[in-house]
Amino acid sequence: MIYEGKQKIWSEYQKEIPDDHYFYVRSCIRQSFFPASEATFLRITREALGKDIFETEHHTTCGGIAYHSDTIPQETVMTIIARQFALMAKYGYENYVCSCITSFGLYCETMETWREFPELEARIRENLWKTCRLEFAKPKFLIHASDLIYKYRNLIAAQAVRKLVNVHTGEPLKVVEHIGCHYSKMFPSKGVGGAEYPYVLVGMVEAWGGEIVDYPERRHCCGFGFRQYFIKGNRGYSVSNTHKKFESMEPFKPDLIITNCPGCPYFLDRWQYVIAESTGKTYGPDGHGIPALTYEEVAGLVMGYDPWDLGLQTHQVGVEPLLDKMGVEYDPTRKYLGKNGKNLGEPLPCACLK
Amino acid sequence: MTPLFHLLAAQAADPEVIDRIPSGYSHFVIPFTIGITFMLCWIGVGCIRLLYAIPQADRLKFWKSLFLPKTIVKNLKDLFGDCLLHVKIWQRKPLLGYMHSAIAFGWFMLIVLGHIEVALFVPARLNVTRGGLFYPIFYRYFVWMNPGHTTLRGSFFFFLMDFFLLYVLSGIALAVFKRFRSIVLGMRHTTKPSFADRVALYSLWMIFPLRLLAESFTADLSGGSFLTVGVNHFWHFLFGDKLWFTPCWWAYSICLGLFFAAMPFSRYMHILTEVLWILLRNAGIQPHHPRKGVAEAEIYACSSCGLCLDACPMNVQKKNLKYSSVYFIRFLRRHNEKKINAIADKCLMCDKCHALCPVGVDAPALRRAQRATVNNALPYDYSYLASAVSSGQPSGHGRVHSRFAAAEYGLGPAAVPETALTESKSPRVLYFAGCMTHLTPRIIKSVDKVFKAAGVDYVFADREGGICCGRPLMLAGRTEAAAVVIEANKKMIEESGCDTLVLSCPICFKVFKEEYHLAGIKVVHYTQFINDLIISGRLPVQKKEQKLVYHDPCELGRGCGVYFEPRAALNQLGTLVKASKEYDESICCGGSLGSLTLDSRDRSKISEASLDSLLANDPETIVTACPLCLKTFSEAVSNVRGRDINVSVKDFAEVVCP
Amino acid sequence: MVDFGFGLVPSSRINLDLFDKDKYEELAAVEPDVRICMACGSCTAVCTAGKFSTTSLREAIEDIKNAQPTKALELLKACQLCGKCSMVCPRGINTRHLILSIINTYSIK
Amino acid sequence: MKNNILIIGGGPAGLEASAQLQRMGYNVILIEKSPKLGGHLAKWDRLFPDSVPADEVLGGLLRGSEGVKCFTDTDVRAINRLDKSYNVRLTNGITVLSDAVLVASGFDLFDAVKKEEYGYGIYDQVMTNADLEAYFKTGSDRRIENPGRIGFAHCVGSRDEKSGCRSCSKVCCATAVKQAIEMKQAFPQAEVYCFYMDLRLFGRHYEDLYLKAQKEYGIRFIRGRLAEVSENYDGTLQVKAEDTVAGKPLKVTLDLLVLMAGMRPSASGKAIGDLLEMAVEEDGYFAVRSGIAACQRSPIPGIFLAGAATGPKTLPETLADARAAAMEIDRYLTEIFPDARNYKQLVRERW
């Protein structure tokens, strides 16, 4: 691997990210998959970095899941998106930050489509007025939340209490980055670092002291694939996709997987359990799995936030070995206690995955 | 034996012949005795082993055949004709025939006459215990002519013995000459002898000159005729009265011994095996294995004469000589598995070596059997044939054929006779084109034209493409798989209700004729069928100003014996000129399906040779009656480099109905 | 082991790393023509058996080279050795011998 | 009077044209931007289809053009059209008054880095056709150490609208087959794969080369464009493509991947074209007066073109093109140029 070669490519895919005043929209599924991630994002950007992040309870789904499952017409989905943008404009913002990669891709796609087919944009403008009485608007900057963390990666590193380093050996942690397919594969110029060698997560890991692992199936989908997962008969394909990735990364012995998409950490996490329980195969040392975290969770860890506040107990693959490696102190008894101290209930032990 | 002895003794008080050496033995007979004993033991054991390897049913058939008058006659005819007189060689190459018969028949006569002499003059010596094995051979050494008592009978035998010795010697002289200049005797290529062959060959060459030497040395003692006595006088003239004849007899015996000892390992084993092979062949027993049973008799019956070398169309290139039948059989004897397979796979299966073989060794059949050892057991799955036959094939009821797209070969709707199947007076004719004919649609078109012109109602069995006839599978040694294909086709044909099956492909024709056993259905090749149409006047033809040459397709001519009908028909259509090789000597076009491994360049060399033969008398048109030949020649004619060939290649039916 | 009602799906991907070179060389030694196929498909187009059954010499050769000999054997099972393919092959491949050699080399004996 | 002719580009086309024009008695000035004459030919080892050494061909070209005024390390600084001739100021300070200008600026090899998914310049074991020729010439390259599996990716930067080139580069297929054979000769135990979309082996002996590659060298041709390349833990490459003949995705582990970088219009040629305001076509190569009848004439009178400046060409085509350009220049300088009175009319009629 020639690092300079990658740097050359990264330098060609730089994206303008505004400094402040963001309109933030949440992801539908992340709030249930990894509920603390978005809270951590707000905590870091607002509290630690002091940025103006605006949220409104009036925003809805972007329609992406329905769109990619072929259950909603394109015009409908575009009108939903137009409403989101209109809300942003209504509250006086022009920097649109979304938490979800599916949304991000769909926004990019929609804006490109409007650019190519202005008559379609005109129709959507009309639809929006007819349905919501809102003025059509387009964001000046369309940003994914990971772009923002990427932008502030060095500020975060400056405030960090620990690095992505194995405290016992002093070696940097080996980190696998997984980018959501819809982040830059459709429009390489819209993502930091392009599509072939995206830099958005690499930049964070490097800034926080970790070492990136580039494995052959790095570009491969996590296995979500919408219809592949939603229909039970197709789930074999979904899990096979994930399996292919893990088989490919196994020789590199990664300590951690960092992701920037709602579905990816979920499937990279849960399918490890399914693979383990149905085939007996695990990918971490001694029957453990490889923890698959969101970038906010990783940022929270280096910032010294309590792992249970970061929601790490909601992962199927146990994070304790990782926390031990990083020297994170945690109270095992608090793992399954909610914010109010009430027990959330404990999962049954697995047969194969520790 | 005694009565004869007494009878002879009574006739002449003083015997004509006196047993010169009372013991009837001399040391010099040892080499011969050892040699012949070894050979006889070998052959005895071999015969038993061979007969044992033949399946029970075949063995029974064999024994029975020996007592059937018809086979007895044929056996006698073949034994004399093939083994002794070599009639088949005489017919094609008289000088070569003379050579072979001189050695074989001459030697045979020497042996027979020698034994008759012993039986007449010293009958007691015929007993094995009294030297019966060697005494008749060295008769001239052991006896003394009673001077003044020689009868006319004795002189007659002396004359016969000398005559046949001279006859053999002339054959040997030719054989020696052939070793150096074979082309004079009509052979371009001769076999390369193996070591045992050489030992036996040189022994054989030496035997008769030495015999002449030995007998001539003793001729003044034991008698002789024009040759031996003449030579004897010459020796006396040269050496005076002191003739040291014992070393000659020793040398003679040693050569005989060597010859017989080398015989089982050499080509000369054929001298005796041929007899068995002819009996087995005439009993109609087929080989099931390339080396065991009948096949063993067959491969040992091969005289390695090398006539198949020139017969083989592959040998236009010298590098292919090694694939000839004679070497195939040699390697079969040696069990050289790797070489056997390579040789077996290379052959075009044109059957010319078989047709020209003086002893009728069916090498192509052995090659098929050899291929079967590799290919027969390979997996196959023809389960689709069940549905293939029931759909898209004529069922015999209703007008299935009208469903077919008549336009495919440019045939108008009239080509499909709508009333054919009902109450037609003419027999119902089914035409089966076969796979290869589908690659040469002009045959299909012409056949249709002919049938229309003659008013033949016919059903085109495989207009939409049928399944293979099974012959290519058989040629590849896949007899079991072939049986499945044959069964499927057979069902289709029997259900069609036809009474005549016309085939335009000789490959199909051969297998339909020989393997299908279609009861009540006449299987004919279209050349035969069309010739009949012309003879019966149903197909009016006009003789044109055109010079035609006819190429005998291998499977049609040598394969099925159809030589006459196509020629008869073509004679009605134009002037038929001769090819330099035709009938059973016709040269394969090179496109044969028989060969599995011959590559396209080698094939085109064969095509060229075949074309050369056909163009010998400057024909305007080459006519053939096989889709493969047609396709091969059509391409070859345009590819022959550096020559200006102005000849068209046409199918038989095309010439009949242009 | 838990049955989830779904599981890993075998890949249909060609993996050339599984290519058995020795076996292929064994085949190429008996029938070198296997190397020169250029996948024109003439053989498949004229195939007698192909009218009734899924069979393709072109595909079988491809399968052999793609480390999937079982598929090749399955395809060639239907062959009747009629030889039409050898007549149309532009490279003059001895197709019948190639078919027999593939079956012979790759069949489990 | 001897006419001055300026030839821009010292590759095969420039050398051959200068040799021919010198023979005709013209005063030829040849300029070459790099320090060495010969263009890409000087960097090549052997030439398809008969493996003729490139040095031999180049040697012949150089011998043929001996005596030509030749400036290496020289580019055009400015150029302006006088009445009929061109006043050309060179970077070495010399000014040439030239009656005809032949632009033989050739081509650039496609920058394989632009095909990011192939990882040239990122993965250790990826190289280009030019790198491989350099290896053949020098016998050393850190990437080549007894490779067991070698892949050749055809059409890198050719027939690919995404990388800005719709058309075929014409020479890569034959080059790939040639290089594949050479690698197999160097490493007989290696498995060699060629990933192609169409094999465009149109020239004489090219098909023989292809047949030889299959028959004698056992090179495997896979119909399918290489899709992505990644690096395995042990530094080997995992490449993915579709075998479009089999209709299945395919992957293979390689020790070496050679990218057949295609031809792109020369960047420095483009700069000269800009000075002259020469028209270029959509594919980036210079436009010609007529694609069939006048391939060596530019739309501007007195400006001629030869070689790969007007699109990808094989070497024999380039040389033939150069000879044709020499003939065209001669025709122009004898039939049109001397007639000062009717020059404009003649140009209208005969250019």
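Letters go in sequence order (proteins before strands), and every chain restarts at 1. Everything numeric here is computed off the predicted structure, so don't read it as measured data.
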Contacting region of A:Tyr215 [heavy-atom separation from chain D under 4.5 Å]: backbone

NZ/A:Lys163: more than 12 non-hydrogen atoms of other groups inside 6.0 Å: no

Electrostatic pair D:Lys240-A:Glu217, nearest N-O below 4.0 angstrom: yes

D:Lys270, NZ atom: more than 12 neighbouring heavy atoms under 6.0 Å: no

Within 6.0 angstrom of D:Lys115 NZ, more than 12 heavy atoms from elsewhere: yes

Closest-packed option against chain A by number of heavy-atom pairs under 4.5 Å, given D:Gly121, D:Gly235, D:Gly119: D:Gly121

Gap separating the OG atom of D:Ser230 from the CD atom of A:Glu196, nearest 0.5 angstrom: 10.0 Å

Contact class of D:Val229 relative to chain A, heavy atoms under 4.5 angstrom: backbone

NZ (D:Lys114) with more than 12 external heavy atoms under 6.0 Å: no

Heavy atoms of other groups near A:Tyr237 OH, more than 12 under 6.0 Å: no

A:Phe252, CZ atom: more than 12 neighbouring heavy atoms under 6.0 Å: yes

Close side-chain approach of D:Glu116 to A:Tyr13, heavy-atom, < 4.5 Å: yes

Distance in Å, D:Asp124 CG paired with A:Met1 CE, rounded so as to fall on 0.5 Å steps: 7.5 Å

More than 12 heavy atoms from other groups under 6.0 Å of CD on D:Gln189: no

Contact summary for A:Gly5 and D:Ile122, nearest pair of heavy atoms: C-CG1, 3.7 Å

Side chain, backbone, both or neither of D:Glu231 within contact of chain A (heavy atoms, under 4.5 Å): both

Greater than 12 external heavy atoms within 6.0 Å of D:Gln185's CD: yes

Region of A:Tyr197 that comes under 4.5 Å of a non-hydrogen atom in chain D: side chain

Euclidean distance, D:Tyr123 OH relative to A:Lys6 NZ, rounded to 0.5 Å: 6.5 Å

